K.L.:
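Before anything else, here's the structure in question.
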Amino acid sequence: MKEQLRSLIEQALDGLRKAGTLPADAVAAFVLERTKSREHGDFATNAAMALAKPARSNPRALAQALVAALPQSTLLQKVEIAGPGFINFFLSPAAYHEEVKQVLAAGAQYGRSTIGGNKKTQIEFVSANPTGPLHIGHGRGAVVGDCLARVLAATGSDVGREFYYNDAGAQIDNLAKSVQARCLGIDVDDPRWPADGYRGDYIKDVARAFLAGDVAHADGRDVQASGDANDLDAIRRFAVAYLRHEQDLDLQAFGVAPFDTYYLESSLYTDGLVEKTASELIAHGHTFEQDGALWLRTTDYGDDKDRVMRKSDGSYTYFLPDVAYHVTKWKRGYQRVINEHGSDHHSTLMRVKAGLQALDMGIPKGWPEYVLHQMVTVMRDGQEVKLGKRAGGYVTLRDLIDEVGRDATRYFLIARKSDSQMVFDIDLARSQSNDNPVYYIQYAHARVCSVLRQLDERGIQWDRANGLAKLDKLGSEHEAALMAEISRYPEVVEAAALNLEPHLIASYLRELAYALHTYYNAHQFIVEDVDVRDARIALAVAARQALANGLDLLGVSAPEQM
RNA sequence: GCGCCCGUAGCUCAGUUGGAUAGAGUACCAGCUUCCGAAGCUGGGUGUCGGGGGUUCGAAUCCCUCCGGGCGCGCCA
């Protein structure tokens with residue numbers, strides 16, 4: 001709908017250029033947007049204001065010329081010039097009727113597009129190290145990444161979802177030692193307890209399973225526990241697989257797993273990619289030695305100080321494998337990479353990018369892209385629930401899903417812009433009342449389903465074709481508002497994709513649900529007049545379709561009854 | 001101290017990349033069901049857009065500065 005209108009404006013501008021009203025080289029980016037109030041029509045553009053300067057004309061005069069040059073179209077009912085030179089477009093009812101027809105024709109495809117150009121895109125997210133259960137912060141990252149993947153796929157990108165984890169470093173050593181200590185019956189307050197050990201109770205579960213000789217399954221591999229508490233290496237392998245499996249169970253319960261690929265940091269070493277990356281950085285002359293360590297001159301790329309890449313003991317700092325890892329992404333052919341991380345990792349962004357630039361491989365400066373999410377504060381009974389991963393005893397993602405449900409957890413975590421801190425109110429999320437937006441939206445969907453069930457019970461047939469042919473019977477404000485709301489859906493999906501902001505869909509759905517509830521309350525759908533009845537149901541079903549498609553992009557269910 | 005993010009109604013948050021009179025939800029008050037599900041609907045008021053400068057036809061949005069909050073600042077990951 002918006003695209004058709006934009007095309008009309010472009011045609012008018014072409015006409016003005018040919019007529020000499022506009023210089024041939026006058027190309028200004030203009031905005032075509034939904035209006036805030038109905039008085040200003042459905043859409044408005046600032047084209048005349050944006051082009052006034054190059055045209056050496058005043059905005060209102062140019063607006064008049066532009067309006068006069070608009071091609072005839074059944075889309076438009078009225079065009080007005082307002083304020084300093086806005087052009088307001090009032091769409092015809094027929095334009096909205098056409099949109100409703102398209103919704104029903106497209107079904108689950110409605111709102112999908114090809115603007116992504118089939119670009120090979122990777123989204124890396126969650127990427128939690130297997131040292132414990134996932135917490136709510138991982139949950140936020142999981143939904144944001146998952147919804148981004150869904151939205152980008154729906155807008156024509158070729159999306160791969162990847163989970164990267166460290167299965168070999170110092171943290172994993174601590175994990176293995178912690179499990180070993182538990183195997184030996186050492187408690188956290190025992191002086192023999194490892195210094196940076198993981199104190200959470202889940203470590204006991206791992207130890208118990210290891211001693212029992214269980215098999216842990218993760219990422220396509222089975223790891224058999226030897227049961228030998230003295231074999232730290234065996235404990236390490238088992239603990240990693242065990243905790244990865246636990247995370248997978250959590251992610252499955254959250255509707256996020258499985259990922260397309262799981263990438264292990266250890267493979268970067270065994271495949272020699274870390275060494276190779278180091279030697280190439282040296283060969284390109286961006287390194288220097290000092291104090292027995294090898295440094296990368298990241299200050300050449302905007303960092304505030306240079307960074308050690310190989311420590312004086314010969315081992316590498318974490319960021320070198322990170323660079324090597326991103327080289328694999330580049331070599332795997334991803335034209336676009338989006339990394340979703342917690343904002344506490346933002347300091348790594350510049351280092352990784354500096355490392356990639358220093359390799360002189362022709363990687364664009366803006367590659368990879370990052371989406372960061374801020375902290376989540378959890379509230380229960382008006383009090384903050386403190387998180388603390390290393391101490392154990394924190395609110396896990398699993399606890400949250402078990403308590404408030406998958407749908408509400410996902411919706412709450414995706415409804416806010418990811419770069420602002422948010423408060424997760426457990427009491428609100430689990431309340432089954434009109435306070436809770438996720439129920440409000442799902443109820444709108446269920447209500448339409450309920451109407452269709454009611455038709456069935458009364459033995460009434462809905463003639464879809466007749467309904468679509470009789471949409472002009474729907475002239476009320478409620479109906480116009482609902483049609484307008486439905487027609488925004490493709491624009492919202494596109495904006496979410498372009499800005500990497502899936503929360504836009506969450507707010508949109510609430511507004512769409514509002515339009516439907518309002519309509520439902522003001523009008524009876526199942527009426528005697530067959531034409532009106534068929535048309536109203538066609539509109540309701542179109543609304544249901546937009547609700548269902550939007551909920552699907554959020555990974556939230558669209559129930560037929562509550 | 002330096003870097004990144006944030007500051008919008010009592011509270012939780014939007015604000016379509018610089019547009020028109022800054023919006024929702026919630027809370028509070030008053031109403032609405034012989035009718036397809038009341039998990040709903042209809043009214044009622046709320047702002048120094050943290051403060052101050054600047055850029056321009058026009059700023060919550062961009063720049064500078066100050067205040068306040070979060071995160072990061074290791075030869076940890």
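Note that the structure is predicted; figures quoted are calculated from it, not measured. Protein chains get the first letters and strands the later ones, always in sequence-line order, with residue 1 at the start of each.
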K.L.:
Quickly work out the A:Glu511 CD to B:A24 C1' distance and round it to whole Å.
P.N.:
7 Å
K.L.:
Donor-acceptor pair under 3.5 Å: do we get one between A:Ser347's side chain and the base of B:G72?
P.N.:
no
K.L.:
If I take atom CZ in residue A:Arg34 and atom P in nucleotide B:G19, what distance separates them, rounded to the nearest angstrom?
P.N.:
17 Å
K.L.:
Does a nitrogen or oxygen in the side chain of A:Thr518 sit under 4.0 Å from OP1 or OP2 of B:U42?
P.N.:
yes
K.L.:
Which value, in whole Å, describes the distance between the C1' atoms of nucleotides B:C62 and B:G25?
P.N.:
30 Å
K.L.:
Counting only heavy atoms not in A:Gln290 (residues, nucleotides, ligands), do more than 12 fall under 6.0 Å from its CD?
P.N.:
yes
K.L.:
Counting side-chain heavy atoms from C-beta on, which of B:A39, B:G72, B:G70 comes nearest to A:Tyr439?
P.N.:
B:A39
K.L.:
Give the rounded distance in Å between these two atoms: CD of A:Glu33 and C1' of B:G23.
P.N.:
15 Å
K.L.:
OP1, OP2 of B:A38 versus side-chain N and O of A:Arg447: anything below 4.0 Å?
P.N.:
yes
K.L.:
Once you round it to whole Å, what is the distance between P of B:C2 and CG of A:Asp304?
P.N.:
12 Å
K.L.:
Tell me if the side-chain of A:Gln421 makes a donor-acceptor pair with the base of B:G69, cut-off 3.5 Å, by modelled atom types.
P.N.:
yes
K.L.:
Classify the side chain of A:Tyr318 and the base of B:A77 as holding, or not holding, a donor-acceptor pair under 3.5 Å.
P.N.:
yes
K.L.:
Among B:G19, B:A38, B:U12, which nucleotide sits nearest the side chain of A:Tyr443?
P.N.:
B:A38
